[in-house]
Amino acid sequence: QCTGIGWPSRVTQYMNHTPSSPHHPPSSNNPPAGQRRMVPLTVWLCSDPRSVERSPGPGARSNRDKSGTAVCVQHRQTVGRELAQHLISTCTSDGALVAEGFTTSEATLVAAAELDRRAIALVPHFPLAQHIGTRLRATLDQRHLTRVQMRPVRPDQMAKGLADHLGQVSLVIGAPPPYETGGHNTRRGAATGCPACRADLWMLSSEQLGLFIASAWRVLAPGGVLAVITTARHQAGRLIDPAPRIIRHAQSLGFRYVQHVIALRVPIEGDALVVQAGPTDLAHLRDTRSSAHPPTVGVHATVSLFSKPK
């Protein structure tokens, strides 16, 4: 169920790059300049207390997952278990096939298996695939493991990697990294043990997002859903919101923009968001008289949902 915070479970808002209404399909995916349409807006509570990595169970083959290879907080929160469950349960039915690009953890695969769906994650970086495989074996039993798989394919090569499933996928999920959505990579991966950070650096040379969306069109079944997860952020003194550019590109390919979701990543107590500072946040403490921008804390992600017309 979709849950609001002091709002109805579904409200509407105006946006410049707006969706086509499922009940009143327009004659074109690109409305006249200046025209605005109402966008269905939903708030999902997606704080994920299980995002802290647990030690593999006694039956897991943990010898491949050496110390220092835990996925960092940033990548654990890209698509957490709660967000994955919301997307899969809302957009698919039992037995459906889910595909994920820009995979950084096992969250989507685990959620799909537990919801009786099949799932394929595109993981071209072998150390990251090893890490995710270890996490899957530590979390799922053998019956659920048979429902999920990884393929060594980049997001922009999804149509080739899923050539045996063209036109059969019910849901494609992608949470592109900052450098694919108008930002830049901080190149911190070489100094960290996070396998997802190292995978980011390994894939940095290719602009994959546009080709990923085009590939999603080919693999999705008619009526299938593309979910793109982004986060607005401050960078180099300006606010970067990648969602409008992604919406324009998806609509130019024929997708219908049907839903705007705010996915809250932090818990709620009463009417307040519970935001806990980590070590990196404490490093940003500053003089209250400073004229610099205060440190920002990401509390939500934007989920743009597109459907492929039937």
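For the single chain, residues carry numbers from 1 onward in sequence order.
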What side-chain donor-acceptor pairs closer than 3.5 Å can you find for residues 210-228, not counting sequence neighbours?
from   : atom 1 : to     : atom 2 : distance (Å)
Ser215 : OG     : Asp156 : O      : 3.4
Ser215 : OG     : Leu211 : O      : 3.0

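Under the rule for a side chain to side chain contact (heavy atoms under 4.5 Å, CB included), the partners of Thr302 that lie at least two apart in sequence or sit in another chain are Thr230, Ala243, His260, His300, Ser304. Not counting sequence neighbours, the partners of Thr92 by the side chain to side chain contact (heavy atoms under 4.5 Å, CB included) test are Ile88, Ala96, Val98, Arg117, Ser170, Leu171. Gln149 is linked by a side chain to side chain contact (heavy atoms under 4.5 Å, CB included) to Ile120, Arg151, counting only residues two or more places apart in sequence or in another chain. In terms of the side chain to side chain donor-acceptor pair (under 3.5 Å) criterion, Arg118 has no residue partners (sequence neighbours excluded).
Taking 4.5 Å as the limit, some side-chain heavy atom of Pro177 sits within range of a side-chain heavy atom of Phe102. In this structure the side chain of Arg256 reaches within 4.5 angstrom of the side chain of Pro309, judged on heavy atoms. Side-chain contact between Met158 and Leu122 is present, with heavy atoms from C-beta onward closer than 4.5 Å. Counting heavy atoms from C-beta outward, Thr146 and Gln142 have side chains that approach closer than 4.5 Å. Contact check for Glu114 versus Leu140: side-chain heavy atoms found under the 4.5 Å cut-off. Counting heavy atoms from C-beta outward, Arg147 and Asp116 have side chains that approach closer than 4.5 Å.
If you take CG on Leu115 and CG on Leu87, they are separated by 11.0 Å, rounding to the nearest 0.5 Å. To the nearest 0.5 Å, atom NE2 of residue His125 and atom CD of residue Gln130 are 9.5 Å apart. How far OG1 of Thr139 is from CG of Leu145: 9.0 Å, rounded to the nearest 0.5 Å. If you take CD1 on Ile262 and CG on Leu41, they are separated by 5.0 Å, rounding to the nearest 0.5 Å. Considering CZ of Phe255 and CD1 of Ile246, their distance stands at 12.5 Å, rounded to 0.5 Å. Here the NZ atom belonging to Lys160 is positioned 12.0 Å from the CG atom belonging to Leu166, to the nearest 0.5 angstrom.
Applying the salt bridge (Lys or Arg N to Asp or Glu O under 4.0 Å) definition to pairs two or more places apart or across chains, none involves residues 299-310.
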Pair Phe306-Leu253, side chain to side chain contact (heavy atoms under 4.5 Å, CB included): steps then yes or no: CA-CA 11 Å; Phe306 307 91; Leu253 294 174; over 6 Å; no
Verdict with reasoning, Gln259 to Thr42, per side chain to side chain contact (heavy atoms under 4.5 Å, CB included): CA-CA 8 Å; Gln259 186 79 37; Thr42 297; 2.7 Å; yes
